[in-house]
Amino acid sequence: MDHVIAELRTYVKQKLEKEGSGHDWYHIDRVVKQARSIAKEEGANLFICEVAALVHDLADDKIASSEQAGLEEVEQLLFPLNKADLEHVLEIITTISFKGGNRPPVRSLEAKVVQDADRLDAIGAIGVARTFVYAGSKGDLIYDPSIQPREHMSASSYRNEKSTAINHFYEKLLNLKALMNTNTGLRIAEERHEFMTSFLSQFHGEWEGLK
Ligand code: ADP
Ligand code: NI
């Protein structure tokens with residue numbers, strides 16, 4: 001099945017090469033590598049994890065014209081897979097997205113692995129960088145002390161209401177460590193989480209002119 005992976009890589013790479021909101025090809029490439037390494041430690045199916053990681057953002061509403069259109073594209077791309085594998089990959093990519101936290105829990109080990117790999121790419125130093133690029137692409141401020149972080153968000157308020165890059169840490173990123181599915185993912189998340197809390201403490205100190 002190596003040729004299936006190679007062809008998928010070429011397709012996804014040319015499609016997402018110029019994407020500017022933090023879902024570019026290198027995000028996919030990092031998630032694939034992380035998913036492979038978690039899958040090995042957790043004993044998950046490597047082929048399913050790698051295929052699902054490669055296509056995981058194609059049905060995202062930021063990239064596809066609609067989730068339905070994105071899923072149809074993925075279904076066509078994955079024609080070499082048998083029916084069970086195809087259905088498994090589709091289930092993984094429809095259940096792993098965060099969308100304000102309003103999603104049912106993922107089921108299979110492979111879904112857990114790919115979700116952990118995707119979430120790990122939202123935290124740590126890479127997570128800090130992606131947050132500011134995403135906020136910049138939406139025209140959000142770095143920080144505005146008059147805008148409180150939201151505690152409860154519907155999928156549409158998570159996407160559409162104005163917030164700030166710093167608020168995104170409190171609304172989502174600091175919560176991800178506790179949501180890790182696998183022990184391998186949790187171990188990596190712990191170090192990245194600490195890096196973010198230290199970044200935030202330095203940020204607030206500088207903001208107040210204390211550091
Ligand atoms: P979701 O988890 O809803 O699918 P994504 O994973 O697609 O969101 O988000 C892509 C990247 O942009 C991630 O690193 C995420 O943390 C960041 N991001 C998402 N929403 C915001 C936001 N409102 N402000 C800043 N960064 C964001
Ligand atoms: Ni992703």
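Both counts, for ligands and for their atoms, begin at 1 and track the order of listing. Keep in mind the model is a prediction, meaning the values are calculated, not measured. Basis for what follows: all heavy atoms, side chains included, without hydrogens, waters or symmetry-related copies.
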Does the side chain of H27 come under 3.5 Å of the side chain of D118 through a donor N or O and an acceptor N or O?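 Result is yes, a qualifying pair exists.
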L173 and ligand 1 - part of the residue with a heavy-atom distance under 4.0 Å: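 Near ligand 1, L173 shows its side chain, while the N, CA, C and O stay back.
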Side chain, backbone, both or neither: the part of H23 lying under 4.0 Å from ligand 1 by heavy atom: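 Under 4.0 Å from ligand 1, H23 contributes side-chain atoms alone.
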Is it true that a side-chain atom of D24 and a backbone atom of K18 form a donor plus acceptor pair closer than 3.5 Å?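 Absent.
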I need the minimum non-hydrogen distance between [X] and [Y], along with the two atoms involved.
X    : Y    : answer
Q115 : I96  : NE2-O, 3.0 Å
I147 : N167 : O-ND2, 3.0 Å
L54  : L8   : CD1-CB, 3.9 Å

Can you list the atoms of ligand 1 that are under 4.0 Å from a heavy atom of T131?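 What qualifies from ligand 1 is 25 (C), 26 (N).
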Suppose I only count heavy atoms of K172 and a 4.0 Å limit; which atoms of ligand 1 are within that range?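 In order of numbering, the contacting atoms are 1 (P), 2 (O), 6 (O), 8 (O), 15 (C), 16 (O).
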Give the ring-plane orientation class for Y143 versus F203, where under 30° counts as parallel, over 60° as perpendicular and anything between as tilted.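 Y143 vs F203 ring planes: perpendicular.
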Any salt bridge linking D116 with K112? Criterion: basic side-chain nitrogen under 4.0 Å from a carboxylate oxygen.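 No.
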Does the distance from a Lys or Arg side-chain N to an Asp or Glu carboxylate O, for D121 and R130, drop under 4.0 Å?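 Salt bridge: yes.
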Min N/O separation [X] to ligand 1 under 3.5 Å:
X    : value
D140 : no
D121 : no
T164 : no

Decide, counting backbone as well as side-chain atoms, whether H23 has an N, O or S atom less than 2.8 Å from the Ni ion (ligand 2).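 No, since none of the N, O or S atoms of H23 sits under 2.8 Å from the Ni ion (ligand 2).
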Just to the nearest 10 degrees, tell me the angle at the Ni ion (ligand 2) spanned by D118 OD1 and H56 NE2.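 Computed angle, vertex at the Ni ion (ligand 2), rounded to 10 degrees: 90°.
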For the Ni ion (ligand 2), give me the closest N/O/S atom belonging to D57, just the atom name.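 Nearest N/O/S atom of D57: OD2.
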Is ligand 1 less than 4.0 angstrom away from at least one heavy atom of K138?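 Per 4.0 Å heavy-atom rule, K138 contacts ligand 1.
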